[in-house]
Amino acid sequence: MFRLYWSRGTGAFAPHALLAEIGAAFELIDTDIRAGGHARDDYLAVNPRGQVPALLLPDGTVMTESLAIVLQLCDSFPEAALLPPPGSAARARCLRWLAFGAVDLYEADLRSSYPERYTDDPAGAEAVRRAGCRAVERDWRLIEQALGDTSLHEGEGPFLLGGRFTAADPYLAMLGAWHHDLPAFLEVSPRAARLLRAVAERPAVAPLWAQHFAHKPALAGL
Ligand SMILES: N[C@@H](CCC(=O)N[C@@H](CS)C(=O)NCC(=O)O)C(=O)O
């Protein structure tokens, strides 16, 4: 049994969505970051960095880092085919945009959400936040372009690989749901909006999409 330490609307969404897609047995452990659950000693013993998500594998191994968790789940359930075969161009595209999301865009989101952590000058926090928002917007322009590249597409469809759902899709959709200006973002990014909608509507994901993001009115009209 997997144990996912989660909090609503956080980086726990991507592993949560994949566990649901796979149909794996898992238990959710609420680590509500709004209530400081990530800073409690019992959680710091799991992830000393005090961030969610964390995943306890069935053998008791602790994993942190959303990207690593996603890749571990893909490897552990090859029959779910959540990534194309190793070495393929299609897998390369998924890995490229997963890493871009986890390393560049996630970090830009954190700068816009926690600007005070990125400067020791309290007066500079607002400028850090604005720069983080600009980086988020720049990164989404690149993803919007990538979603329009149909050279590797398997059929018409909304996902990074066209009609084929992969682990990259819930990861990117999660990052999209965090955008600091959702109405404007969805307006100027029709392909991203379509991706978010398609992920949100997947039968296995829909209930947990609501668990994570129902509090965001701008996502209601996807
Ligand atoms: N690199 C980490 C980042 C995790 C992260 O920053 N999680 C946020 C929620 S999305 C968090 O725990 N924030 C609480 C805090 O940093 O105090 C990952 O990909 O898992």
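For ligands, and for the atoms within them, numbers begin at 1 and follow the listed sequence.
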State the atoms of ligand 1, each with its element, that fall below the 4.0 Å cut-off from a heavy-atom position in [X].
X      : value
Gly11  : 10 (S)
Leu110 : 6 (O)
Pro53  : 20 (O)
His38  : 14 (C), 15 (C), 17 (O)

Is it the case that the side chains of Asp121 and Thr119 hold a donor-acceptor pair, with the cut-off being a distance below 3.5 Å and no angle test?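 No pair is found: no donor N or O on one side chain lies under 3.5 Å from an acceptor on the other.
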Checking Arg8 side chain against Arg34 main chain: does a donor-acceptor pair fall under 3.5 Å? no
Just by distance, do the side chain of Glu21 and the backbone of Val205 share a donor-acceptor pair under 3.5 Å?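 Between the backbone of Val205 and the side chain of Glu21 there is no qualifying donor-acceptor contact (under 3.5 Å).
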Anything under 30° is parallel, anything over 60° is perpendicular, the rest tilted; go ahead and classify [X] against [Y].
X      : Y      : result
His16  : Trp6   : perpendicular
Tyr171 : Tyr106 : tilted
Tyr43  : Tyr5   : tilted

What part of Arg117, side chain from CB on, backbone N/CA/C/O, both or neither, has a heavy atom under 4.0 Å from ligand 1?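 Side chain only.
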Could Glu137 and Arg134 be called an ion pair, given the rule that one side-chain N must be under 4.0 Å from one carboxylate O? no
Where is the nearest protein heavy atom to [atom]: which residue, which atom, and how far?
atom                    : result
atom 5 (C) of ligand 1  : Tyr106 OH, 3.3 Å
atom 20 (O) of ligand 1 : Ser66 N, 2.9 Å
atom 7 (N) of ligand 1  : Val52 O, 2.8 Å
atom 14 (C) of ligand 1 : Tyr114 OH, 3.2 Å

Who's closest to atom 9 (C) of ligand 1 heavy-atom-wise, of Thr31, Thr10, Thr64? Thr10
Could an N or O of ligand 1 be found under 3.5 Å from any N or O of [X], whether backbone or side chain?
X     : answer
Gln51 : yes
Arg49 : no
Glu65 : yes

Considering residues, nucleotides and ligands other than Arg49, do more than 12 of their heavy atoms fall under 6.0 Å from its CZ? no
Would you give the length of the straight line joining atom CH2 of Trp97 to atom CG of Asp139, rounded to the nearest 0.5 angstrom?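 Reported value, rounded in 0.5 Å steps: 8.5 Å.
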